[in-house]
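Please read the structure below before turning to the comments.
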Number of protein chains: 2
Amino acid sequence: MDVKTLCLGMLSNKEACGYELKKTFESLFKHFFSAGYGSIYPALADLATSGLVECREIQQTGKPDRKVYKITDKGRIAFEKALQNNEPRHKLRSDFLAVMYFSDLLDEGCVNRLLNDRIEAFEDAVEHINSIETEMGLNAPAGARFVAGFGAVIAKAGADYIESNRHLLTETGSARIDEPAHSVQGTT
Amino acid sequence: MDVKTLCLGMLSNKEACGYELKKTFESLFKHFFSAGYGSIYPALADLATSGLVECREIQQTGKPDRKVYKITDKGRIAFEKALQNNEPRHKLRSDFLAVMYFSDLLDEGCVNRLLNDRIEAFEDAVEHINSIETEMGLNAPAGARFVAGFGAVIAKAGADYIESNRHLLTETGSARIDEPAHSVQGTT
DNA sequence: TGCAGCATGTAATTTGTTACATGATTAA
DNA sequence: TTAATCATGTAACAAATTACATGCTGCA
């Protein structure tokens with residue numbers, strides 16, 4: 001699944017401009033898909049050329065015209081077909097794990113810092129997902145809740161794993177003592 | 001971190017040919033990094049050109065000469081530097097979650113099939129990792145064990161999450177009829 | 001005064017995937 | 001006889017990232 005297809009999918013829920021789609025990538029989709037303007041704008045242009053979306057320009061003062069894209073019938077059909085096509089991939093790419101694999105080449109301070117950073121990143125992810133779940137509310141589509149829940153559980157599992165197994169990588173197994181005074185909340 | 005750097009890292013443990021490195025990508029690194037011959041061979045050629053590895057050709061009958069690459073001192077320094085450089089990324093890319101987000105556009109049979117397939121993929125991953133952990137034994141480097149454990153825990157968490165939350169996506173919440181009676185507990 | 005938000009896009013570069021091309025040996 | 005394993009590579013293609021390019025508004 002490429003950025004183009006995902007944009008089409010987002011537009012099947014609600015019309016939007018490129019800027020807004022980017023916001024969605026950064027909120028709901030953050031933990032499993034990312035896209036920058038450099039992918040989104042060309043994708044929308046392509047979709048419009050293919051007749052899968054229609055574009056309506058809204059004039060604004062002091063800003064570029066807002067281009068609001070709306071999915072067409074042809075677009076809906078194309079997207080449903082895209083959903084059924086390929087057996088969907090699910091792939092992690094982790095430099096973090098690669099570095100940990102070679103952690104015997106690093107000094108302990110460095111390893112500890114990387115572990116702490118990663119735990120923090122996971123905890124931030126959990127918080128981020130919790131906040132969007134709150135925003136969504138209970139009447140949110142099932143798919144959105146399922147996907148958010150998945151992200152939260154996996155991030156939590158990652159943080160917990162590191163906390164429980166960091167002793168494998170450091171002689172002292174030092175916990176996060178070196179964190180300055182911005183208190184880090186417990187793993188929840 | 002690109003394929004080139006990871007190849008260099010692998011060679012810091014043990015000299016190898018491209019074919020062997022590919023095997024390592026498919027065993028130890030499978031759950032967090034992937035690379036095909038199309039990336040590996042050019043990467044090795046580049047490394048040799050830069051003097052980070054040395055190549056020794058071993059003649060064979062009926063096969064192309066085996067090119068065994070060995071890291072140089074310069075290569076070791078470059079790799080250690082690469083390890084320290086960037087704060088390492090850890091990024092999931094999941095078409096599976098994207099499709100689930102839009103699962104209301106699919107019929108239940110299709111959704112159930114996708115969920116079952118994903119659970120199976122996660123379970124296969126756990127098994128695969130367990131088998132390489134067994135192969136490695138207890139005297140394996142700490143980094144290798146840490147990384148393998150991480151993969152197993154995350155895959156298990158993913159499978160458990162789907163099992164416990166599939167009811168969100170399907171009216172009937174049909175479980176896997178093809179699985180024998182082993183009840184799956186809630187998350188964690 | 002400076003930064004964040006809104007809003008668009010292009011172009012160069014990097015990176016990796018896929019298909020192509022070859023070919024012997026061995027086990028099922 | 002068919003597939004898998006060993007073993008190398010190139011070339012075309014696809015895709016996404018990054019840097020560049022513009023510019024107003026409103027807040028601190």
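By convention in this document, chain letters (A, B, ...) are assigned in the order of the sequence lines, proteins followed by strands, and residues within each chain are numbered from 1.
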Tell me which one of A:K91, A:R89, A:H90 satisfies side-chain hydrogen bond (donor to acceptor under 3.5 Å, both in side chains) with B:S94. A:H90

May I ask you to verify if any side-chain N or O of [X] is less than 4.0 angstrom from the OP1 or OP2 atom of [N]?
X: A:S39; N: D:dT17; value: yes
X: B:Y41; N: D:dT8; value: yes
X: A:Q60; N: D:dC24; value: no

Under 4.0 Å between any heavy atoms, over every strand shown, what does B:K23 touch: base, sugar-phosphate, or nothing? Just pick one. sugar-phosphate

Among the nucleotides [options], which one has an atom lying closest to any side-chain atom of [X]?
X: A:Y19; options: C:dA7, D:dA7, C:dG16; answer: C:dA7
X: A:D2; options: D:dA15, D:dG9, C:dG9; answer: D:dA15
X: A:R93; options: C:dA7, D:dA16, C:dG16; answer: C:dG16

To the nearest angstrom, how far is B:M1 atom CE from C:dT14 atom P? 19 Å

Atom-to-atom span, CD of B:Q59 to P of D:dA7 - whole angstrom: 14 Å

Geometric cation-pi criterion, A:R56 with A:Y69: 6.0 Å, 45°: no

When every nucleotide of nucleotides 21-28 of chain C is labelled 5' to 3' by its protein contacts under 4.0 Å (heavy atoms), B for base, S for sugar-phosphate only, - for none, what sequence of letters results? ---S----

All heavy atoms of B:A144 vs all of B:M136, minimum pair found to be CB-SD, 3.7 Å

Heavy-atom pair of closest approach, residues A:A78 and A:L8: CB-CD2, 4.4 Å

